[in-house]
Amino acid sequence: MKTLFERVAQGEILISDGAMGTFLHAKGLAPGECPESWCVSHADVVRDIAKAYVAAGADIVETNSYGASSFKLKAFGLADQAAEFNRAAARLAKEAVAGKGYVAASVGPTGHIAEEEGGPVTASQFYESFKEQVIALAEGGADAICIETMWSVYEAAQAIRAVKENTPLPAVCTFTFELGKRGFR
């Protein structure tokens with residue numbers, strides 16, 4: 001099978017999934033519960049959601065790892081399980097696509113503010129957290145890393161760097177913007 005980017009470069013239109021969190025809540029994820037922990041505790045549910053996307057025609061399935069950085073998992077007391085959750089997330093999606101598509105590993109923002117923007121988190125702290133996450137996602141079988149809905153260029157740069165320096169995978173990065181008093185952020 002051609003790589004994801006070979007197909008895109010040839011002009012193919014590929015269909016992706018969406019709304020993993022919505023489906024997890026429909027399957028019983030409680031408000032305030034860690035969605036990424038379900039990659040271990042409810043693996044069949046996570047795999048079945050990805051399988052349903054493939055059955056519906058998705059060429060690309062994202063992993064259930066959006067909030068699986070050590071920064072985000074710390075709020076649940078699960079920071080030490082970041083690698084485990086990320087490996088499981090990629091493995092489950094890979095099993096679901098079963099050679100019929102691609103796995104885009106989801107990496108979301110940490111929710112913390114970079115030093116360069118007046119916050120407490122250093123570039124190296126962001127980098128180390130993203131490094132742990134993307135290595136585990138690659139080990140689990142991801143075909144690409146999708147760094148999603150970032151709002152800080154400084155944080156996004158460390159996520160991209162972690163992918164490029166620690167995996168052979170292509171990286172995609174998206175941002176979200178909000179209009180404020182000083183323009184878009």
Side-chain angles (χ1 to χ4, degrees), residues 4-5 8 14-26 29 31-39 46 49-50 53 58-76 78-79 82 85-86 88-90 92-93 101-123 125-138 140 142-167 169-185:
L4 174 63
F5 282 110
V8 170
L14 301 174
I15 307 298
S16 186
D17 67 352
M20 174 63 80
T22 301
F23 280 105
L24 289 174
H25 283 288
L29 178 71
E33 188 177 1
C34 177
E36 294 76 17
S37 70
W38 274 43
C39 293
V46 174
I49 292 169
Y53 279 122
D59 300 297
I60 303 167
V61 174
E62 281 199 296
T63 58
N64 179 32
S65 56
Y66 179 83
S69 69
S70 59
F71 278 103
K72 282 283 208 181
L73 293 173
K74 185 176 181 181
F76 298 101
L78 301 170
F85 291 165
N86 282 285
L92 293 170
Y102 304 94
V103 173
S106 177
V107 174
T110 65
H112 294 274
I113 300 173
E115 277 186 332
E116 296 88 346
E117 297 168 310
V121 182
T122 66
Q125 288 171 314
F126 280 129
Y127 177 82
E128 290 302 319
S129 180
F130 289 126
K131 177 182 174 182
E132 175 184 33
Q133 187 175 14
V134 301
I135 287 172
L137 289 164
D143 298 301
I145 305 289
C146 184
I147 301 160
E148 304 187 67
T149 65
M150 290 294 200
W151 58 268
S152 167
V153 170
Y154 301 103
E155 183 177 359
Q158 295 309 313
I160 293 167
R161 183 176 149 230
V163 173
K164 293 299 182 186
E165 291 181 359
N166 299 285
T167 80
L169 302 177
V172 174
C173 186
T174 68
F175 282 81
T176 183
F177 298 93
E178 183 177 323
L179 182 58
K181 293 178 184 177
R182 299 186 328 193
F184 281 98
R185 175 172 172 74

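A pairwise comparison of heavy atoms in Ser129 and Ser69 identifies OG-CB, 3.6 Å as the closest pair. Residue Cys39 comes nearest to Leu92 through the heavy atom pair O-CD1, 3.4 Å, listed as atom of the first residue, atom of the second, then distance. Closest non-hydrogen pair, Val134 versus Ala162, comes out as CG2-O, 3.7 Å. Contact between Ala93 and Ala50 at its shortest, heavy atoms only, is CA-CB, 4.5 Å. In terms of heavy-atom proximity, Glu62 sits nearest to Ser106 at OE2-CB, 3.9 Å. Across Ala105 and Ala142, no two heavy atoms sit closer than the pair CB-CB, 3.7 Å.
In this structure, Arg161 satisfies the cation-pi test against Tyr127, with its NZ or CZ atom closer than 6.0 Å to the six-membered ring centre and inside 45 degrees of the ring normal.
By the 4.5 Å heavy-atom criterion applied to side chains, Val172 and Phe5 are counted as neighbours. You'll find the side chain of Leu137 reaches within 4.5 Å of the side chain of Thr63, heavy atoms only. Using a 4.5 Å heavy-atom threshold, the side chains of Pro170 and Leu4 count as separate. Within the 4.5 Å cutoff, the side chain of Asn86 has no heavy atoms near those of the Ile135 side chain. The shortest distance between side-chain heavy atoms of Trp151 and Ile113 falls below 4.5 Å. A heavy-atom distance below 4.5 Å is not found between the side chains of Met20 and Pro35.
Side-chain atoms of Asp59 come within 3.5 Å of backbone atoms of Ile15 as a donor-acceptor pair (strictly under, hydrogens ignored). Under the 3.5 Å distance criterion, the side-chain polar atoms of Glu165 are left unmatched by any main-chain donor or acceptor of Lys131. No donor-acceptor pair under 3.5 Å is formed between the side chain of Glu115 and the backbone N or O of Thr122. Listed for the Glu117 side chain is no donor-acceptor partner under 3.5 Å among the backbone atoms of Ser152.
For CZ of Phe23, the number of neighbouring non-hydrogen atoms (other residues, nucleotides, ligands) closer than 6.0 Å is 12 at most. Heavy-atom contacts from other residues, nucleotides or ligands closer than 6.0 Å to CZ of Phe76 number more than 12. No more than 12 heavy atoms of other residues, nucleotides or ligands lie within 6.0 Å of CD in Glu178, so this atom counts as exposed by the packing criterion.
In this structure, the separation between CD1 on Ile145 and SG on Cys173 is 12.0 Å, given to the nearest 0.5 Å. Rounding to the nearest 0.5 Å gives a distance of 7.5 Å between NE2 of His112 and NZ of Lys72. Atom OG1 of Thr110 is separated from atom CD of Gln125 by 10.0 Å, given to the nearest 0.5 angstrom. Of the inter-residue distances, the one linking Ser37 atom OG with Leu29 atom CG reads 7.5 Å to the nearest 0.5 angstrom. Of the inter-residue distances, the one linking Thr174 atom OG1 with Ile147 atom CD1 reads 9.0 Å to the nearest 0.5 angstrom. Interatomic distance, OH of Tyr154 versus CD of Glu116, reported as 6.0 Å (0.5 Å rounding).
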As a quick check of understanding, evaluate side chain to side chain contact (heavy atoms under 4.5 Å, CB included) for Ile160 and Phe130, giving each step before the final call. CA-CA 9 Å; Ile160 293 167; Phe130 289 126; over 6 Å; no

